[in-house]
Number of protein chains: 2
Amino acid sequence: MGKQVTEMLKGVLEGIVLAILSGRSAYGYEITAWLREQGFSDIAEGTVYALLIRVEQRGLVDVAKVPSEKGPPRKVYSLNARGRDHLEEFWRTWSFLTERLDKLREGGK
Amino acid sequence: MGKQVTEMLKGVLEGIVLAILSGRSAYGYEITAWLREQGFSDIAEGTVYALLIRVEQRGLVDVAKVPSEKGPPRKVYSLNARGRDHLEEFWRTWSFLTERLDKLREGGK
DNA sequence: GCCGCTACTCAGCTTTACTAGGTACCGGTA
DNA sequence: TACCGGTACCTAGTAAAGCTGAGTAGCGGC
């Protein structure tokens with residue numbers, strides 16, 4: 001990926017992670033691995049952990065500590081009601097953006 | 001608009017402005033006004049000017065100073081070849097992002 | 001003579017992602 | 001036993017891009 005994606009991710013990555021958590025609970029390491037599989041090849045681990053801490057502090061997710069067979073205990077995150085609201089708001093904003101961009105793309109040629 | 005759009009605009013606003021310039025030349029004040037009409041209600045003026053200076057310094061646009069009837073002279077920007085390349089690259093990155101997000105949205109319910 | 005619109009500029013702040021480390025637990029192998 | 005690789009998390013410092021808020025300046029109309 002290029003630097004361009006990096007900048008575009010600002011404000012979007014949080015929505016992506018919340019969207020992942022809306023499907024099922026997950027922990028940081030897992031989310032990072034999943035993102036890499038999906039083509040977000042160079043998202044730094046630290047970025048995901050920092051983001052998770054941020055959304056936790058804002059009360060958008062619940063956390064449970066679950067022991068792992070191989071390594072330190074996992075911090076499993078799940079979306080709560082507030083997080084679900086926030087995610088909906090994210091999708092609305094995202095739709096707004098994509099609509100404008102689609103129009104621009106057509107109009108611009 | 002909310003703070004959410006603000007963060008999402010990072011990395012995207014530049015593409016939006018380049019896309020506008022791909023259709024026709026324009027100057028800062030005009031671009032700001034146009035963005036506001038399109039629903040980007042609280043994009044700060046300073047933001048647009050700063051962005052224009054940035055893309056100019058990176059050689060993506062050409063600049064011409066044109067006297068105005070009512071106010072200081074306008075700096076009219078137009079997309080050059082490099083800018084056009086950059087814009088194409090932007091659209092590719094944008095498509096990549098929207099594809100992932102669309103999938104997530106469906107999958108997440 | 002001043003108000004409002006046009007038009008651009010600048011310094012300082014915030015947010016979010018990156019870099020580049022580090023801690024720690026486990027199993028397998030030399 | 002000693003180490004390595006995979007799992008799992010955390011932190012401090014940096015950079016980029018947008019915002020806030022203020023300032024400069026020309027023009028026309030009441």
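Naming convention: chains lettered A, B, ... in sequence-line order (proteins, then strands); numbering from 1 in each chain. Given the structure is predicted, the values throughout are model-derived calculations rather than measurements.
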Residue pair A/L101, A/L97: steps toward the side-chain contact (heavy atoms from CB on, under 4.5 Å) verdict | CA-CA 6 Å; A/L101 268 284; A/L97 246 194; 3.8 Å; yes

Check the distance between [N]'s [atom2] and [X]'s [atom1] and give it to me in whole angstrom.
X	N	atom1	atom2	value
B/Q4	C/dT16	CD	C1'	14 Å
A/E7	C/dT15	CD	P	17 Å
B/F40	D/dA17	CZ	C1'	16 Å
B/I31	D/dG18	CD1	P	13 Å
B/K65	C/dC8	NZ	C1'	9 Å
A/L35	C/dA17	CG	C1'	13 Å
A/K10	D/dC19	NZ	P	13 Å
B/M8	D/dA16	CE	C1'	18 Å

A/I43 and side-chain contact (heavy atoms from CB on, under 4.5 Å): which partner among A/I16, A/L13, A/T32?
->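 Looking at A/I16, A/L13, A/T32, the match for A/I43 under the side-chain contact (heavy atoms from CB on, under 4.5 Å) is A/L13.
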
Under-4.0 Å side-chain N/O to phosphate OP1/OP2 contact, B/T6 with D/dG18 =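 So the side-chain polar atoms of B/T6 never come under 4.0 Å of the phosphate oxygens OP1 or OP2 of D/dG18.
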
Which parts of residues 52-63 of chain A get close to DNA chain D, meaning a heavy atom less than 4.0 angstrom away?
->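 The answer is none.
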
Restricting to nitrogen or oxygen on both sides, can you table the protein-nucleotides 3-8 of chain D pairs closer than 3.5 Å?
{"residue": "D/dT7", "atom": "OP2", "partner": "A/Y29", "partner atom": "OH", "Å": "3.1"}
{"residue": "D/dT7", "atom": "O3'", "partner": "A/K70", "partner atom": "O", "Å": "3.4"}
{"residue": "D/dA8", "atom": "OP1", "partner": "A/S68", "partner atom": "OG", "Å": "3.0"}
{"residue": "D/dA8", "atom": "OP1", "partner": "A/R74", "partner atom": "NE", "Å": "2.5"}
{"residue": "D/dA8", "atom": "OP1", "partner": "A/R74", "partner atom": "NH2", "Å": "2.2"}
{"residue": "D/dA8", "atom": "OP2", "partner": "A/Y27", "partner atom": "OH", "Å": "3.1"}

Going by the angle between their ring planes, with limits at 30° and 60°, are A/F40 and B/F96 parallel, tilted or perpendicular?
->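 Perpendicular, since the angle between the ring planes exceeds 60°.
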
Give the nucleotide from the list C/dA17, D/dG18, D/dC19 with an atom nearest to the side chain of B/L13.
->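 The answer is D/dG18.
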
Check every atom of C/dC18, C/dA17, C/dT15 against the side chain of A/L51 and return the nucleotide holding the closest atom.
->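 Among C/dC18, C/dA17, C/dT15, the one nearest the side chain of A/L51 is C/dA17.
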
Indicate every side-chain donor-acceptor pair of residues 45-59 of chain B with a distance under 3.5 Å to a residue at least two apart or in another chain.
{"residue": "B/Y49", "atom": "OH", "partner": "B/Y29", "partner atom": "N", "Å": "3.3"}
{"residue": "B/R58", "atom": "NH2", "partner": "B/E14", "partner atom": "OE1", "Å": "2.5"}
{"residue": "B/R58", "atom": "NH2", "partner": "B/E14", "partner atom": "OE2", "Å": "3.1"}

Beyond-backbone contact of B/L35 with B/I20, side-chain heavy atoms, under 4.5 angstrom |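 Side chain of B/L35 against side chain of B/I20, heavy atoms only: contact under 4.5 Å found.
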
Please identify each residue that fulfils side-chain contact (heavy atoms from CB on, under 4.5 Å) with B/D62, with sequence neighbours left out.
->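 In terms of side-chain contact (heavy atoms from CB on, under 4.5 Å), with neighbours along the sequence ignored, B/D62 is linked to B/S78, B/N80.
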
Salt bridge (charged side-chain N to carboxylate O under 4.0 Å, His left out) with A/E89: which residues, sequence neighbours excluded?
->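 A/R92.
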
Mind checking salt bridge (charged side-chain N to carboxylate O under 4.0 Å, His left out) for B/E7 and listing every partner two or more places apart, or none if nothing turns up?
->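 Checked B/E7 against salt bridge (charged side-chain N to carboxylate O under 4.0 Å, His left out); matches are B/K10.
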
Is the closest side-chain donor-acceptor distance between A/S95 and B/R105 under 3.5 Å?
->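 Result is yes, a qualifying pair exists.
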
